[in-house]
Amino acid sequence: MNRLKGKTAIVTGATAGIGYKTAELLAEQGVHLVITGRRSDRLQEIKKELESAFGVEVQTAAFDVRDADACHSFVDSLSVTIDILVNNAGLAKGTDPVFDADFDDWNTMIDTNVKGLLYLSRLIIPGMKERNSGHIINLGSTAGHESYAGGVVYTATKHAVKAITESTKKDLHGTDVRVSMVSPGLVETEFSEVRFDGDKEKAADVYKGMKPLVAQDIAEIIVFVANRPAHVNIMDTVIYPTAQSSATMVHRNA
Ligand code: NDP
Ligand code: 8X3
């Protein structure tokens with residue numbers, strides 16, 4: 001049953017990867033969209049593509065979620081009521097150990113994955129609470145359930161997303177606003193290229209000899225989570241590729 005048709009969702013980080021596929025699959029269900037990211041040309045292309053393929057309304061907003069003023073202006077400028085917020089924008093930077101890592105990389109991850117997600121939650125939830133209706137879906141990670149060497153701050157940010165999701169649910173206790181998290185393992189998107197500053201070879205090595213998840217796998221789960229009946233709140237879903245059993249256990253063909 002499609003319970004999503006006619007609703008409106010914000011998808012942050014919709015210019016690539018999981019966010020882009022989520023926007024597409026939501027549009028396929030008849031959900032109107034507000035898509036965000038920093039690349040305005042990509043947002044315009046995706047708007048045209050989804051509007052013509054699915055006949056939904058797609059608004060775009062190019063801004064950096066690390067910028068609190070930009071988040072305020074974005075939310076102030078919204079002309080539609082938001083039913084679903086998919087807090088997807090996020091990234092990893094580097095795999096250096098704690099004693100050797102770059103402060104800028106740490107700040108980028110914390111400011112994007114934690115503070116950006118918090119800013120948008122803080123600004124969107126009051127309307128949902130007032131209407132006693134809405135759904136926040138945060139992108140966590142298996143890195144929010146398990147720490148690994150070389151991921152000191154990335155894993156910390158995703159552990160933070162888990163804590164934020166659980167606290168947000170409790171802050172909204174007694175309302176009909178739902179709060180969920182989706183926690184994937186290895187998904188082949190632009191993620192590793194961003195992590196390794198555009199080094200395509202290093203990025204490809206992450207998925208070498210194994211079949212990783214693809215954005216569609218996760219987008220389907222986000223749509224499933226969003227499409228549950230109003231009395232069902234999925235708190236978290238942990239999704240590994242079959243070839244992965246933990247951060248370090250990845251079965252690869254020789
Ligand atoms: P991609 O790199 O493919 O996409 C990331 C998206 O986030 C892009 O649309 C990018 O848009 C946006 N983004 C990044 N930084 C900012 C910013 N400062 N302001 C606004 N938008 C931003 O990665 P994925 O699709 O893989 O990642 C999406 C989410 O899923 C992230 O939160 C990630 O941590 C999480 N995740 C990913 C996994 C994976 O293995 N790929 C596994 C588990 C979780 P733009 O560049 O246009 O700003
Ligand atoms: C992304 C998955 O294993 O690179 O969240 O941390 S991992």
Side-chain angles (χ1 to χ4, degrees), residues 10-24 35-46 60-68 70-71 74 86-95 104-105 107-117 119-120 137-162 164-165 181-198 202-203 205-207 210 212-219 221-222 236-241 243-250:
I10 295 175
V11 181
T12 69
T15 56
I18 295 167
Y20 166 65
K21 265 294 158 192
T22 300
E24 184 185 289
I35 55 173
T36 87
R38 289 162 300 177
R39 284 171 278 179
S40 54
D41 49 343
R42 272 297 287 150
L43 290 171
Q44 290 312 316
E45 284 165 18
I46 294 165
T60 65
F63 67 97
D64 191 323
V65 297
R66 292 173 291 176
D67 180 342
C71 291
F74 164 63
V86 183
N87 265 321
N88 165 77
L91 78 181
K93 277 288 182 192
T95 51
D104 287 343
D105 285 350
N107 287 330
T108 300
M109 289 185 274
I110 292 167
D111 291 351
T112 309
N113 302 356
V114 181
K115 290 166 73 178
L117 179 146
Y119 294 154
L120 287 169
I137 303 177
N138 293 329
L139 259 291
S141 169
T142 49
H145 293 265
E146 180 196 7
S147 303
Y148 56 82
V152 61
V153 167
Y154 181 68
T155 63
T157 65
K158 291 300 179 177
H159 277 71
V161 171
K162 181 172 184 290
I164 291 163
T165 304
M181 179 168 74
V182 173
S183 300
L186 292 169
V187 190
E188 191 166 13
T189 59
E190 293 179 9
F191 180 85
S192 291
E193 266 188 66
V194 170
R195 182 170 217 167
F196 297 118
D197 287 330
K202 244 176 148 178
D205 278 350
V206 174
Y207 315 107
M210 56 91 63
L213 299 167
V214 293
Q216 171 100 17
D217 298 323
I218 304 309
I221 287 162
I222 293 170
D236 194 4
T237 60
V238 178
I239 313 107
Y240 280 118
Q244 183 180 18
S245 301
S246 77
T248 50
M249 290 177 73
V250 180

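All figures in this text were calculated on a predicted structure; none of them were measured in a lab. Atoms within a ligand are numbered from 1 in the order they appear, just like the ligands themselves. Sequential numbering from 1 along the given sequence is applied to the chain's residues. Worth knowing before you read on, the calculation uses all heavy atoms, side chains too, and leaves out hydrogens, waters and symmetry mates.
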Exercise. In chain order, what residues pass the salt bridge (charged side-chain N to carboxylate O under 4.0 Å, His left out) check against Glu146, with sequence neighbours excluded?
Worked result: none
Seminar exercise, completed: By side-chain contact (heavy atoms from CB on, under 4.5 Å), Glu188 pairs with (sequence neighbours left out) Tyr207, Pro212
For this session: Considering non-hydrogen atoms only, spot the tightest contact between Pro184 and Ile218 and give its length.
Result: CB-CD1, 3.7 Å
For this session: State, to 0.1 Å, how close His145 and Ser183 come at their nearest heavy-atom pair, and which atoms those are.
Result: NE2-OG, 3.4 Å
Can you produce the list of protein nitrogen or oxygen atoms under 3.5 Å from a nitrogen or oxygen of ligand 1, alongside each distance?
{"residue": "ligand 1", "atom": "3 (O)", "partner": "Glu190", "partner atom": "N", "Å": "3.1"}
{"residue": "ligand 1", "atom": "9 (O)", "partner": "Gly13", "partner atom": "O", "Å": "3.0"}
{"residue": "ligand 1", "atom": "9 (O)", "partner": "Thr15", "partner atom": "N", "Å": "3.3"}
{"residue": "ligand 1", "atom": "9 (O)", "partner": "Thr15", "partner atom": "OG1", "Å": "2.7"}
{"residue": "ligand 1", "atom": "9 (O)", "partner": "Ala16", "partner atom": "N", "Å": "3.4"}
{"residue": "ligand 1", "atom": "11 (O)", "partner": "Thr15", "partner atom": "OG1", "Å": "2.9"}
{"residue": "ligand 1", "atom": "15 (N)", "partner": "Arg38", "partner atom": "NH2", "Å": "3.2"}
{"residue": "ligand 1", "atom": "18 (N)", "partner": "Asp64", "partner atom": "OD1", "Å": "2.8"}
{"residue": "ligand 1", "atom": "19 (N)", "partner": "Val65", "partner atom": "N", "Å": "3.0"}
{"residue": "ligand 1", "atom": "25 (O)", "partner": "Ile18", "partner atom": "N", "Å": "2.8"}
{"residue": "ligand 1", "atom": "26 (O)", "partner": "Thr189", "partner atom": "OG1", "Å": "2.6"}
{"residue": "ligand 1", "atom": "32 (O)", "partner": "Asn88", "partner atom": "O", "Å": "2.8"}
{"residue": "ligand 1", "atom": "32 (O)", "partner": "Lys158", "partner atom": "NZ", "Å": "3.0"}
{"residue": "ligand 1", "atom": "34 (O)", "partner": "Tyr154", "partner atom": "OH", "Å": "2.7"}
{"residue": "ligand 1", "atom": "34 (O)", "partner": "Lys158", "partner atom": "NZ", "Å": "3.0"}
{"residue": "ligand 1", "atom": "40 (O)", "partner": "Gly185", "partner atom": "O", "Å": "3.3"}
{"residue": "ligand 1", "atom": "40 (O)", "partner": "Val187", "partner atom": "N", "Å": "2.9"}
{"residue": "ligand 1", "atom": "40 (O)", "partner": "Val187", "partner atom": "O", "Å": "3.3"}
{"residue": "ligand 1", "atom": "41 (N)", "partner": "Val187", "partner atom": "O", "Å": "3.0"}
{"residue": "ligand 1", "atom": "41 (N)", "partner": "Thr189", "partner atom": "OG1", "Å": "3.4"}
{"residue": "ligand 1", "atom": "46 (O)", "partner": "Arg38", "partner atom": "NH2", "Å": "3.3"}
{"residue": "ligand 1", "atom": "46 (O)", "partner": "Arg39", "partner atom": "NE", "Å": "3.2"}
{"residue": "ligand 1", "atom": "46 (O)", "partner": "Arg39", "partner atom": "NH2", "Å": "3.2"}
{"residue": "ligand 1", "atom": "47 (O)", "partner": "Thr15", "partner atom": "OG1", "Å": "2.8"}
{"residue": "ligand 1", "atom": "47 (O)", "partner": "Arg38", "partner atom": "N", "Å": "3.1"}
{"residue": "ligand 1", "atom": "47 (O)", "partner": "Arg39", "partner atom": "N", "Å": "3.1"}
{"residue": "ligand 1", "atom": "47 (O)", "partner": "Arg39", "partner atom": "NE", "Å": "3.0"}
{"residue": "ligand 1", "atom": "48 (O)", "partner": "Arg38", "partner atom": "N", "Å": "2.8"}
{"residue": "ligand 1", "atom": "48 (O)", "partner": "Arg38", "partner atom": "NE", "Å": "2.6"}
{"residue": "ligand 1", "atom": "48 (O)", "partner": "Arg38", "partner atom": "NH2", "Å": "3.3"}

Exercise. Out of curiosity, Leu186 CG to Met210 CE, how far, rounded to the nearest 0.5 Å?
Worked result: 5.0 Å
Exercise. Can you check ring-ring contact (aromatic ring centres under 6.0 Å, His included) on Phe74 and Tyr119, steps first, answer last?
Worked result: CA-CA 11 Å; Phe74 164 63; Tyr119 294 154; over 10 Å; no
Problem set entry | From Leu213 atom CG to Gln244 atom CD, the distance as rounded to the nearest 0.5 Å | 7.5 Å
Seminar exercise, completed: CD1 (Ile222) and CG (Asp217) are apart, to the nearest 0.5 Å, by 11.0 Å
Need the list: ligand 2 N/O atoms against protein N/O atoms, distance under 3.5 Å, rounded to one decimal.
{"residue": "ligand 2", "atom": "5 (O)", "partner": "Ser141", "partner atom": "OG", "Å": "2.6"}
{"residue": "ligand 2", "atom": "5 (O)", "partner": "Tyr154", "partner atom": "OH", "Å": "2.6"}
{"residue": "ligand 2", "atom": "6 (O)", "partner": "Tyr148", "partner atom": "OH", "Å": "2.7"}

Exercise. Taking all atoms of both residues into account, what is the closest heavy-atom pair of Met109 and Ala92, and its distance?
Worked result: SD-CA, 3.8 Å
